[in-house]
Amino acid sequence: MSGLLQTQFLASNSSRTRFLTSVTQLDVASVMCPAGCSHVNGFKVDNWKQNLRVIYQCFVWSGTAETRRRKAKSCMCHMCGAHLNRLHSCLYCVFFGCFSKKHIHEHAKNKRHNLAIDLLYGGIYCFACQDYIYDKDMEQIAKEEQRKAWKLQGAGEKFSTWEPTKRELELLRHNPKRRRITTNCTIGLRGLINLGNTCFMNCIVQALTHTPLLRDFFLSDRHKCEMQSNSCLVCEMSQLFQEFYSGHRSPHIPFRLLHLVWTHARHLAGYEQQDAHEFLIAALDVLHRHCKGDDNGKKANNPNHCNCIIDQIFTGGLQSDVTCQVCHGVSTTIDPFWDISLDLPGSSMPFWPLSPGGDSTVVNGEGHMTGSTTLTDCLRRFTRPEHLGSSAKIKCGGCHSYQESTKQLTMKKLPIVACFHLKHLEQSVWLKGALVDDRRGEPAACSSTSEELLKLLTSGSASACHEQSSSSTVLDFWTSQTMRFEHSAKLRRKITTYVSFPLELDMTPFMASSKESRVNGQYQQSVDVLNNDNKYSLFAVVNHQGTLESGHYTSFIRQHKDQWFKCDDAIITKASIKDVLDSEG
Amino acid sequence: MNKELQMRATINQKLIEMGERERLKELLRAKLIECGWRDQLKAHCKEVIKEKGIENVTVEDLVAGVTPKGRALVPDSVKKELLQRIRAFLAQHST
């Protein structure tokens, strides 16, 4: 019996007294007014449900323009005309009255209509009981109508406090052990054994398990597997999260994960050192493919609009504008992306693309770095209009002929988690093709590149440049912190050595919309400080040390907002923010 | 009803009709959470409940006990910003 009371108590909460669930213990017998009161029974006759719904739709949570108009016109006290003072509506007849001025109380007494509804919050007041009451059926209707109105307003799903179901209450009672998350607890941190040059995988796994949205998805069991065999990578990720949050402190051995990766991404199989960036992309791809069961089925057939958790978190849109130099017609394409690969100064690629009369300071690997480069510099370079030379004329739809053009990349849609890939090393193709040609064997030209490579090479000799056979990458993860479901993200930039990155990053200058407003002459001087939509917070950095032949990946990940940890395979150590920022990224 | 109340009512109607009232409410909610106002009030509510005893407290008690403090604790910056928003809205939609 008491169990039943508890459920009802928890299930029926008006917004005003919602906080009481945190005050009372789950196992304390309910002491608030029992669900509803006997007086509502007089109301619950005939078509009362529909009538109540209409009241909610019209006067409390008006979703449509029509209902809003009606609300605006009619919601005022019938006695004094005010629209403030906690206006209530009588449930038995059409009467609006102030609560604070007791106008509704008078009405209730005179007409013996003892139920009224609060037009601000939707609570039901019983004059006989002299308090707000929480009738289960009425609360249900209230919640539904509120959700409907939110949807109509385009607000989507808003935050509402968690109310356990009967089943959940049962589970909670049977498993009384609780884990407390304090600021110092290290739940969620666990080392990973290196299974033979698998540090590249370990680092990415650490970063993924500390991606808050991904973690929340898996810990709330949102994956519904549709794969018959045991080879679903998403299921394995789910298991992985369970392992990480189990509280065990011994390092985890991810042999099943490794096997699945080998099965699904054959190009990563084998025991030699792989590229962490490649692994990330391959892993996201496989997870995305295996997530088929999780989207709502609506957009399952459209590859560009997948609704799986991977796409929701990681996919952004990169806008590419090609402008014809003759007719100035712009041809725009938008491509989805999971990461942003940035070239670095000192690479063989010209750091600043040569435009006519360009002011490039780094040309063909012979650059001088004036001060250290920042991540923003790299991004600026990435989104700069690039003049495609006369050898790369594009067929212009406006001029109907081949013309010279400029191309510019900007961010159309930002992903929730942005992965930046700093190309510290280049593919051998580029290195050999560009460097050798331009350098003509001169070691001087190579030195600036090797400066960059020195961090990664144990021997900084020019000849070592030639021997690069794969690229080493560095990945920075940023996440926008969403406060509940409202959009409010904080960006952080991190700057590694040589490319310094910050803890907070604002992507607004690189957005397609910013570019457009600049072009239109409206340069926004005052950046809306309150608009946090384009800001990112750093939460993971993957570093590579050593040479390509014998190198090692480690990562820094953020726990609890300000605590950073270094993950070196099975060894997790506390790290300072300085360590993180000084790392090469 | 005097002129000021009349004007208030008209403004309110306009805000509701255009859906701006809801948007402002959301903005206000976010701002008040950000600046910690909600947590302060939550703590105060708990105090009121402790005083009155959980068996006896009514919504009225809470409203009476919390409203004055709540009004006083709203930061000026938040008030300013909302005012600005409303002004901008009215300027945009003046008949």
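Every value quoted in this text rests on a predicted model; they were computed, and no experiment measured them. Protein chains get the first letters and strands the later ones, always in sequence-line order, with residue 1 at the start of each.
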Find the one option among A:Arg70, A:Glu66, A:Arg69 whose heavy-atom pairs under 4.5 Å with chain B are most numerous.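 It is A:Arg69.
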A:Arg68 with B:Glu22: basic N within carboxylate O range, under 4.0 Å: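 Judged by the 4.0 Å cut-off on N to carboxylate O distance, A:Arg68 and B:Glu22 do not form a salt bridge.
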What I want to find out is whether B:Glu60 reaches A:Arg86 closely enough, with some N-O distance under 4.0 Å, to be called a salt bridge.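 The answer is yes: the pair qualifies as a salt bridge.
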Answer with side chain, backbone, both or neither: which region of B:Arg8 has an atom nearer than 4.5 Å to a non-hydrogen atom of chain A?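 Both parts, heavy atoms under 4.5 Å.
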Considering all heavy atoms of both residues, which atom of A:Leu120 and which atom of B:Lys25 are nearest to each other, and what is their separation?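 A:Leu120 and B:Lys25 have their closest heavy atoms at O-NZ, 4.0 Å.
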Measure across B:Val57 and A:Asp131 and return the closest heavy-atom pair with its distance rounded to 0.1 Å.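 Looks like O-OD2, 4.3 Å.
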For B:Gln13, all residues meeting side-chain hydrogen bond (donor to acceptor under 3.5 Å, both in side chains), sequence neighbours excluded: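 Partners of B:Gln13 under the side-chain hydrogen bond (donor to acceptor under 3.5 Å, both in side chains) test: none.
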For B:Asn12, all residues meeting side-chain hydrogen bond (donor to acceptor under 3.5 Å, both in side chains), sequence neighbours excluded: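 Here the qualifying residues are B:Arg21.
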Any A:Lys71 side-chain heavy atom under 4.5 Å of B:Glu17 side chain: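 Side-chain contact under 4.5 Å: no.
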[X] atom [atom1], neighbour heavy-atom count above 12 within 6.0 Å:
| X | atom1 | value |
| --- | --- | --- |
| A:Gln130 | CD | no |
| B:Lys79 | NZ | yes |
| A:Lys148 | NZ | yes |

